[in-house]
Structure formats: C-alpha cells, structure tokens
Undergrad: 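Just passing along the structure, written as structure tokens.
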Amino acid sequence: GEDKSAGGVVWAPIKSLERATEKVLRNYKGDVSRLTDVCRDTLVFETPEDIANCLQALLDDPQFVVVQVKNRMSRGYDSRSTAGYRNVLVNLRVVSETTTYFGVDTHVAELQLVLASVMAIKSVKGH
C-alpha cells in the first residue's frame, strides 16, 4: 500500500451518495448547498510552517477562491469533536477558463492540510 505519512498528496475518492445524503440530513438539515467535501483531497506536510506557506500560496493564487478555512491546529480548537485529529480544512473553488467553460467554477471542494505525524496516526487508527 501507499505510505500516506511520507508527505505529498493523498487522493480521496468522491464521497459516496449514501454518506453525502447522511451528512446533509444529519448535519445540514437537508441543505445540500452546505455539503462542501464531495470532492476532497489531502496534502501532507512535515511542519506547521509548510502548512502555513501552502495556505498563503492558495490565498495568493487568483485561480483559487478560498471560501472558508477551519484551523483545527489552533490552540483554541477543541479537538474532542474530532477525536483529537487536527488539520487545516480549506474549502475552495477553482476559477479558470476551463472550470468556467465546464460550468464547475462555483463548485466548492475541500482540501485538507495535515502534518505527516498526524496522518500516520490517522492511517493506523482510521478517521
């Protein structure tokens, strides 16, 4: 299998219809527009500074529109709600000639920025 703790990209499958439906009903009271992690991927980093640099690069790139950032690594974050798991979640849109042409420039996707040390635990315990 692939070593998910080595850094780089961890490609995730598209969220299943069953799980998406469950999440919309349970978490969003039927509001499907709030479901922003149907398409999602994870970038794995060695240091918190690497995560901060990536986030800044996303904010600086005109083809990315950052919709929301959830910093689950901040000291004030109560990690009990995520079983101790910490990352930075970035909801974003890709706006380019190609995405506009295909009509997907308004689609919000999720990018998880996570430390390799946390990813190693996630891979062992599951999350």
Undergrad: For a quick test of reading the model, state the closest non-hydrogen atom pair linking Cys54 to Leu43 and the distance between them.
TA: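 Closest heavy-atom pair between Cys54 and Leu43: SG-CD1, 4.0 Å.
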Undergrad: Go through it in stages, so that I can follow the logic: the residues are Phe45 and Val114, the test is side chain to side chain contact (heavy atoms under 4.5 Å, CB included), and I'd like the CA-CA distance, side-chain angles, deciding distance and then a yes or no.
TA: CA-CA 6 Å; Phe45 299 91; Val114 64; over 6 Å; no
Undergrad: Check for me, please, whether Val90 and Tyr77 land in the same ILVMFWY cluster - side-chain distances under 4.5 Å, paths through other members count.
TA: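 Different clusters.
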Undergrad: Got a donor-acceptor contact below 3.5 angstrom from the Arg86 side chain to the Ser74 backbone?
TA: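 Indeed, once roles are kept as given, a pair shorter than 3.5 Å links the two residues.
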Undergrad: How about Gln68 and Thr36: do any of their side-chain heavy atoms sit closer than 4.5 Å?
TA: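 No, their side chains stay 4.5 Å or more apart.
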Undergrad: Between Leu35 and Ala20, what is the shortest heavy-atom contact and its length?
TA: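 Here Leu35 and Ala20 meet closest at CD2-CB, 3.6 Å.
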Undergrad: Using side chain to side chain contact (heavy atoms under 4.5 Å, CB included) as the criterion, list what pairs up with Ala52, not counting sequence neighbours.
TA: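 Listed in chain order: nothing, the list is empty.
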Undergrad: Does anything in residues 92-121 pair up under salt bridge (charged side-chain N to carboxylate O under 4.0 Å, His left out), and if so which pairs, sequence neighbours excluded?
TA: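 Listed once each, the pairs would be none.
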Undergrad: Measuring from Asp37:CG to Leu89:CG, what's the distance to the nearest 0.5 Å?
TA: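 Here the rounded value is 8.5 Å.
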Undergrad: Is there a path of hydrophobic side-chain contacts, each under 4.5 Å between heavy atoms of I, L, V, M, F, W or Y residues, that connects Val38 with Val10?
TA: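 Each belongs to a different hydrophobic cluster.
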Undergrad: Same cluster for Val24 and Ile14 if Ile/Leu/Val/Met/Phe/Trp/Tyr side chains link at under 4.5 Å?
TA: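 Val24 and Ile14: one cluster.
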Undergrad: Let me confirm one number: the CD1-CE distance from Ile51 to Met73, rounded to the nearest 0.5 Å.
TA: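 Here the interatomic distance stands at 4.0 Å.
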Undergrad: Backbone N or O of Leu113 within a donor-acceptor pair of the Asn87 side chain at under 3.5 Å?
TA: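 Such a contact is absent between Asn87 side chain and Leu113 backbone.
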Undergrad: Let me confirm one number: the CD-CZ distance from Gln112 to Arg40, rounded to the nearest 0.5 Å.
TA: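 Reported value, rounded in 0.5 Å steps: 8.0 Å.
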Undergrad: Membership question, hydrophobic clusters at under 4.5 Å side-chain separation (ILVMFWY): are Tyr28 and Val67 in the same one?
TA: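 Result: no, two separate clusters.
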Undergrad: Going by the side-chain hydrogen bond (donor to acceptor under 3.5 Å, both in side chains) test, which pairs reach into residues 57-66, not counting sequence neighbours?
TA: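 Found Gln56-Asp60.
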Undergrad: Show the numbers, then the answer: is there a side chain to side chain contact (heavy atoms under 4.5 Å, CB included) between Leu58 and Leu111?
TA: CA-CA 10 Å; Leu58 290 170; Leu111 189 59; 3.8 Å; yes
Undergrad: Shared ILVMFWY cluster between Val44 and Leu55, side chains joined below 4.5 angstrom?
TA: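 Yes; tracing contacts between hydrophobic side chains, which count when under 4.5 Å, links both residues.
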